[in-house]
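If you read the sequence from its start, that first residue is 1, and numbering goes on from there. None of the values given here were measured: they were computed from a predicted structure. Because only heavy atoms are used, hydrogens play no part in the values below, and waters and symmetry mates are left out as well, while side chains stay in.
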Amino acid sequence: RIAAWSVETGAFEVAISDYRAAIALNLHHPRNPELQAEIVACFRKLGKVDESWDALEVLLASYAPTSDWATANATDPASLAAALEVQERAIRSLAVELHTEAKQLRTGEPAQRRYAYAEQVYARYIVLFAGSANIGEMRYAYAELLYNRKKFAAAFIAKSVTIGFG
């Protein structure tokens with residue numbers, strides 16, 4: 001609750017510390033994936049791209065179906081399903097936000113860094129959530145990003161898969 005209040009007041013660094021402390025109290029708590037996703041969101045609000053990526057990696061690894069957390073929560077299928085939904089939403093949001101920021105920045109190192117991260121995040125999403133209801137939209141955006149980065153062969157393949165020729 002304190003972390004949520006910190007987010008509401010814009011104290012994102014404090015919220016990150018609070019979320020991390022809450023996770024550390026019980027590494028296998030069913031709500032930990034939600035808390036880790038909030039950490040990703042806080043880093044995004046701070047504009048910290050590298051830290052957002054690192055926090056997303058923690059979310060994907062620590063709460064994956066094969067993780068210790070998932071083993072500890074194996075008797076709670078609702079928590080396991082919720083964790084996957086949280087992961088899907090977090091990775092999708094990060095990809096779209098980074099891509100949007102890169103398009104707004106257009107050129108320069110900050111834009112190129114965001115394009116590079118967005119490319120990685122889209123690629124991870126496509127591998128991890130191929131069965132998602134959002135996969136078509138994500139494949140399309142990924143193909144667009146690849147095309148704009150002049151990776152034409154990869155864009156053609158991504159686009160072909162999107163429209164059903166792959």
Side-chain angles (χ1 to χ4, degrees), residues 2-24 27 31-67 69 82-130 132-155 157-159 161-162:
I2 293 172
W5 180 80
S6 296
V7 169
E8 287 178 22
T9 61
F12 301 117
E13 295 282 359
V14 173
I16 291 166
S17 294
D18 292 343
Y19 285 130
R20 285 181 171 157
I23 291 169
L27 296 176
R31 289 202 56 227
N32 283 356
E34 296 169 38
L35 302 181
Q36 185 62 36
E38 288 295 329
I39 292 170
V40 176
C42 285
F43 279 126
R44 291 296 306 129
K45 289 173 184 165
L46 288 167
K48 295 186 174 186
V49 177
D50 296 332
E51 291 85 349
S52 298
W53 173 258
D54 292 342
L56 179 67
E57 288 289 342
V58 170
L59 175 64
L60 296 175
S62 298
Y63 309 105
T66 57
S67 67
W69 177 89
L84 285 175
E85 288 176 26
V86 165
Q87 290 175 321
E88 189 274 339
R89 186 173 45 252
I91 193 171
R92 180 170 33 91
S93 296
L94 184 60
V96 171
E97 288 170 12
L98 290 169
H99 192 180
T100 300
E101 286 177 17
K103 287 192 279 188
Q104 289 170 347
L105 292 168
R106 295 187 183 170
T107 60
E109 190 274 331
Q112 292 310 310
R113 235 180 64 209
R114 281 167 177 77
Y115 275 125
Y117 272 124
E119 183 178 338
Q120 291 176 43
V121 178
Y122 279 129
R124 289 287 299 278
Y125 182 95
I126 289 166
V127 169
L128 294 174
F129 298 101
S132 165
N134 298 303
I135 192 66
E137 175 186 327
M138 296 298 284
R139 285 185 187 280
Y140 185 88
Y142 181 53
E144 175 193 17
L145 181 144
L146 291 169
Y147 183 85
N148 289 337
R149 295 194 79 205
K150 300 187 182 345
K151 296 182 177 185
F152 300 120
I157 292 167
K159 184 73 165 187
V161 170
T162 300

Does a side-chain heavy-atom distance below 4.5 Å link [X] with [Y]?
X      : Y      : result
Leu98  : Arg44  : yes
Glu13  : Lys48  : yes
Leu27  : Ser62  : no
Leu56  : Arg124 : no
Ile135 : Phe129 : no
Ile16  : Leu46  : yes
Leu35  : Asn32  : yes
Val14  : Thr9   : no

Which label fits His99 and Tyr122: parallel for a plane angle under 30°, tilted from 30 to 60°, or perpendicular past 60°?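 Geometry flag for Tyr122 against His99: perpendicular rings.
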
What orientation do Trp53 and Tyr117 show, parallel under 30°, tilted 30 to 60°, or perpendicular over 60°?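 Correct class here is tilted.
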
If you compare all heavy atoms of Ala143 against all heavy atoms of Ala155, which two are closest, and at what distance to 0.1 Å? O-CB, 3.6 Å

Between atom CZ of Phe12 and atom NZ of Lys45, what is the distance when rounded to the nearest 0.5 Å?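 Interatomic distance, Phe12 CZ to Lys45 NZ, rounded to 0.5 Å: 5.0 Å.
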
Between Gln87 and Leu59, is there a donor-acceptor pair closer than 3.5 Å when you use the side chain of the first and the backbone of the second?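 Here the side-chain-to-backbone pair exists.
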
In a check of salt bridge (Lys or Arg N to Asp or Glu O under 4.0 Å) between Glu144 and each of Lys159, Arg139, Lys103, which one passes?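 Of all the options given, the one that passes is Lys103.
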
Evaluate Gln36 against Val86 for side-chain contact (heavy atoms from CB on, under 4.5 Å), listing each step before the verdict. CA-CA 9 Å; Gln36 185 62 36; Val86 165; over 6 Å; no

